Asker: 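To start, I am sharing the structure in question, which I have written as structure tokens.
Keep in mind it's a predicted model, so treat the numbers as computed, not measured.
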Amino acid sequence: MKSYILNLLLVSFLFVGCNKSNDEEESQETILPFTVTSYSPQEGKVDATVTINGNNFSTTISEITVTFNGIEASVISATETEIKTVVPSSLPHGDSSIVLKINNETKPVGNFTVSLDDYSYLVIGSIQSKIYSFGNNSGEYRELGRIEYSSQITNMIVTSNSNSPSKIFITASNISNNSGSLSELIIYDKESKLTTSVVLNIPNSIKGPHQVIMGMAWDSDNNRLVACITPDYQANWKDLQVIFINPDNFEVIDSGITIPPVQTGIHSFLYSSNRIYFSSDPGIFIDVNLINNTYQIRDFNDSLHYIWRISESNEENILYAFRSTSGSNAIIPVKLNLTQNEMSDLAPYNGYSITSFPGNGFYDTFANQSVQIIRNNSNGHLLYRFNENSEDLIPTNYPGYEDNLLILGIIE
């Protein structure tokens with residue numbers, strides 16, 4: 001009997017000891033320190049969801065606290081390797097620090113930038129050949145890169161592939177030199193930030209001593225560049241030729257379309273739905289149909305005004321632009337009705353101007369507005385968005401008043 005009792009006590013002791021050992025192991029597992037490996041996104045608007053990745057997180061939400069600059073955020077889910085939290089709606093615009101606390105352990109996660117912007121515009125500055133982003137609501141700019149080239153460019157024509165560009169195309173011509181002809185096409189890759197250049201071989205059917213591209217745009221229907229070239233820039237009133245440029249092998253194709261000459265250059269050159277539209281001297285606006293190889297000259301019942309920054313709209317046969325009577329100064333936003341051949345003002349003269357840098361306006365399909373960069377003497381550069389029913393003016397923090405800025409597309 002004593003032997004039985006002793007054996008029973010020994011088994012009980014061993015059982016309790018094993019349980020104690022298991023409990024200690026479980027306790028050790030629960031108190032392992034957690035680690036943060038990454039988080040995303042690092043920039044966004046309030047109420048956005050931020051995902052924190054790591055190891056040894058608690059799966060009990062009540063044990064987890066996430067703060068942005070000391071403001072507690074809602075935790076919406078938690079696993080051992082992932083925590084999802086919501087940026088507090090009261091968080092101010094700018095940078096904030098994220099801190100994660102699990103039970104009694106606290107660790108920094110990183111910085112989060114609260115943005116007012118839904119997306120940014122891709123912008124080029126022609127004087128320094130720098131690439132920027134401008135926030136669509138804040139107007140805040142950031143430098144993204146610089147286009148490097150060796151040519152002496154006095155005639156800079158810029159376009160990009162699609163409304164969310166991955167590449168920027170520039171024609172390089174030195175029109176201040178009597179021997180200056182079209183020399184090369186410069187390509188800037190937005191992702192790699194690398195610049196390459198290619199010499200363009202003009203077909204023999206286009207003859208002339210000073211061949212210069214006057215306007216160029218991206219043909220989104222056929223994935224190519226479409227341009228107008230003059231065979232002799234030094235001679236006024238020479239006919240223009242429409243050419244196509246293959247972006248893969250840079251072959252230049254003569255379309256066979258000849259257009260009446262312009263004397264002072266092309267101010268704006270837009271491709272839309274197998275048509276190109278471009279403006280030149282006061283009162284000159286040319287509409288080219290690339291399907292049937294025809295063109296027409298539109299005067300919009302007004303032969304006194306320059307037309308700048310042509311853009312598309314959300315209506316067929318309606319374009320937006322600026323008009324002025326004194327070069328690129330004293331601009332007024334207008335609607336161009338191609339069906340009725342009429343130009344109508346959308347706002348009164350407000351003292352703003354654009355740069356003389358040739359190029360298009362940009363139609364923002366998200367906002368359903370034409371968007372341009374304008375400037376004045378007191379406020380510097382501003383984002384100007386408009387359509388028939390609205391007009392938005394957004395100050396930017398861009399410091400260089402003298403630079404020429406042109407919107408190329410959207411960075412999503």
Side-chain angles (χ1 to χ4, degrees), residues 33-55 57-58 61 63-78 81-125 128 130-146 164-165 190-193 364 366-367 371 373 379-383 385 392-401 403 405 407-412:
F34 70 85
T35 58
V36 175
T37 57
S38 64
Y39 68 102
S40 65
Q42 297 181 13
E43 180 178 353
K45 304 182 79 171
V46 295
D47 297 325
T49 298
V50 174
T51 301
I52 303 172
N53 301 301
N55 296 293
F57 293 158
S58 172
I61 291 180
E63 296 177 350
I64 301 170
T65 302
V66 180
T67 58
F68 290 72
N69 269 8
I71 301 174
E72 187 170 342
S74 297
V75 177
I76 56 178
S77 67
T81 59
E82 181 184 272
I83 294 172
K84 289 186 179 292
T85 186
V86 178
V87 179
S89 57
S90 60
L91 199 63
H93 174 226
D95 291 336
S96 61
S97 58
I98 308 174
V99 175
L100 173 61
K101 181 180 179 182
I102 300 178
N103 292 316
N104 294 320
E105 185 180 5
T106 302
K107 290 186 178 179
V109 174
N111 289 327
F112 183 86
T113 302
V114 179
S115 173
L116 299 176
D117 304 310
D118 303 296
Y119 48 88
S120 296
Y121 298 114
L122 182 69
V123 174
I124 183 172
Q128 301 183 55
K130 290 184 177 180
I131 308 298
Y132 306 100
S133 68
F134 279 73
N136 74 308
N137 291 322
S138 68
E140 292 185 352
Y141 92 100
R142 289 188 298 175
E143 184 178 329
L144 303 180
R146 181 171 183 160
S164 297
K190 182 171 68 70
E191 302 304 324
S192 67
K193 299 185 179 180
D364 183 345
F366 296 119
V371 57
I373 294 182
N379 294 328
H381 290 85
L382 307 100
L383 288 176
R385 298 195 304 234
D392 298 325
L393 193 64
I394 302 170
T396 76
N397 63 340
Y398 186 76
Y401 173 77
D403 204 359
L405 301 177
I407 296 177
L408 297 177
I410 283 177
I411 306 172
E412 298 186 42

Asker: Given side chains that start at C-beta, do those of Ile102 and Phe57 come closer than 4.5 Å, heavy atoms only?
Answerer: yes

Asker: With sequence neighbours excluded, tell me which residues meet ring pair (Phe, Tyr, Trp, His ring centres under 6.0 Å) with Tyr39.
Answerer: none

Asker: One pair to check against side chain to side chain contact (heavy atoms under 4.5 Å, CB included): Ile394 and Leu382. What are the steps and the verdict?
Answerer: CA-CA 6 Å; Ile394 302 170; Leu382 307 100; over 6 Å; no

Asker: With a 4.5 Å cut-off on side-chain heavy atoms, are Phe34 and Ile83 touching?
Answerer: no

Asker: Can you list the residues that meet the salt bridge (Lys or Arg N to Asp or Glu O under 4.0 Å) rule with Glu143, with sequence neighbours excluded?
Answerer: Lys130

Asker: State, to 0.1 Å, how close Lys45 and Ser115 come at their nearest heavy-atom pair, and which atoms those are.
Answerer: CG-O, 3.4 Å

Asker: At their closest point, which heavy atom of Ala367 faces which heavy atom of Tyr119, and how far apart are they?
Answerer: N-OH, 3.9 Å

Asker: Can you name the one residue among Val99, Thr65, Thr67 that meets side-chain contact (heavy atoms from CB on, under 4.5 Å) with Thr106?
Answerer: Val99

Asker: Ignoring hydrogens, what is the shortest heavy-atom contact between Tyr132 and Gly125? Give both atom names and the distance.
Answerer: CE1-N, 4.1 Å

Asker: Name all residues meeting the salt bridge (Lys or Arg N to Asp or Glu O under 4.0 Å) criterion together with Glu43; count only those two or more places apart in sequence or in a different chain, and write none if there are none.
Answerer: Arg142

Asker: Atom CD of Glu140 and atom OG of Ser120: how far apart are they, to the nearest 0.5 Å?
Answerer: 9.5 Å

Asker: How long is the straight-line distance from CD1 of Ile373 back to CD1 of Ile124, given to the nearest 0.5 Å?
Answerer: 11.5 Å

Asker: Please give me the minimum heavy-atom distance between Pro165 and Leu408, naming the atom from each residue.
Answerer: CG-O, 3.9 Å

Asker: Apply side chain to side chain contact (heavy atoms under 4.5 Å, CB included) to Ser40 and list each qualifying residue two or more places apart in sequence or on a separate chain.
Answerer: none

Asker: Using the salt bridge (Lys or Arg N to Asp or Glu O under 4.0 Å) criterion, which residues pair with Asp392? Sequence neighbours excluded.
Answerer: Arg385

Asker: Tell me, please, which residues at least two apart from Glu63 pass side chain to side chain donor-acceptor pair (under 3.5 Å).
Answerer: Ser58

Asker: Go through the steps for Ile410 and Tyr121 under the test side chain to side chain contact (heavy atoms under 4.5 Å, CB included), then give the verdict.
Answerer: CA-CA 4 Å; Ile410 283 177; Tyr121 298 114; 4.0 Å; yes

Asker: State which residues pass side chain to side chain donor-acceptor pair (under 3.5 Å) with Ser97; sequence neighbours excluded, sorted by chain then number.
Answerer: Asn69

Asker: Where does the angle between the aromatic ring planes of Tyr398 and Phe134 fall among parallel (under 30°), tilted (30 to 60°) and perpendicular (over 60°)?
Answerer: tilted

Asker: Answer yes or no: is there a donor N or O on one side and an acceptor on the other, between the side chain of Asn103 and the main chain of Glu105, under 3.5 Å?
Answerer: no

Asker: Would you check if the side chain of Thr51 reaches a backbone N or O of Lys84 as a donor-acceptor pair within less than 3.5 Å?
Answerer: no

Asker: Go through the structure and list residues passing salt bridge (Lys or Arg N to Asp or Glu O under 4.0 Å) with Lys193, not counting sequence neighbours.
Answerer: none

Asker: Looking at side-chain heavy atoms only, is the closest gap between Tyr141 and Thr396 below 4.5 Å?
Answerer: no

Asker: Taking only residues two or more places apart in sequence, or in another chain, which ones meet Asn137 in a side chain to side chain donor-acceptor pair (under 3.5 Å)?
Answerer: Asp118

Asker: Take Leu144 and Ile411, measure what side chain to side chain contact (heavy atoms under 4.5 Å, CB included) needs, and give me the verdict at the end.
Answerer: CA-CA 11 Å; Leu144 303 180; Ile411 306 172; 3.6 Å; yes

Asker: Ser138: which residues meet the side chain to side chain donor-acceptor pair (under 3.5 Å) condition with it, sequence neighbours left out?
Answerer: Asp117

Asker: Could you tell me which non-hydrogen atom of His93 sits nearest to which non-hydrogen atom of Val114, and how far apart they are?
Answerer: CD2-O, 2.9 Å

Asker: Using the side chain to side chain donor-acceptor pair (under 3.5 Å) rule, take Asn55 and Thr81 through it: C-alpha gap first, then chi angles, then the decisive distance, then the call.
Answerer: CA-CA 5 Å; Asn55 296 293; Thr81 59; over 6 Å; no

Asker: Residues two or more places apart in sequence or in another chain: which of them pass side chain to side chain contact (heavy atoms under 4.5 Å, CB included) with Ser38?
Answerer: Asn53

Asker: Is the count of non-hydrogen atoms from other residues, nucleotides or ligands lying under 6.0 Å from Lys101 atom NZ greater than 12?
Answerer: no

Asker: Leu383 and Ile407: side chain to side chain contact (heavy atoms under 4.5 Å, CB included), yes or no, with the steps?
Answerer: CA-CA 10 Å; Leu383 288 176; Ile407 296 177; 4.1 Å; yes

Asker: Apply side chain to side chain contact (heavy atoms under 4.5 Å, CB included) to Ile71 and list each qualifying residue two or more places apart in sequence or on a separate chain.
Answerer: Pro88, Ser90, Leu91

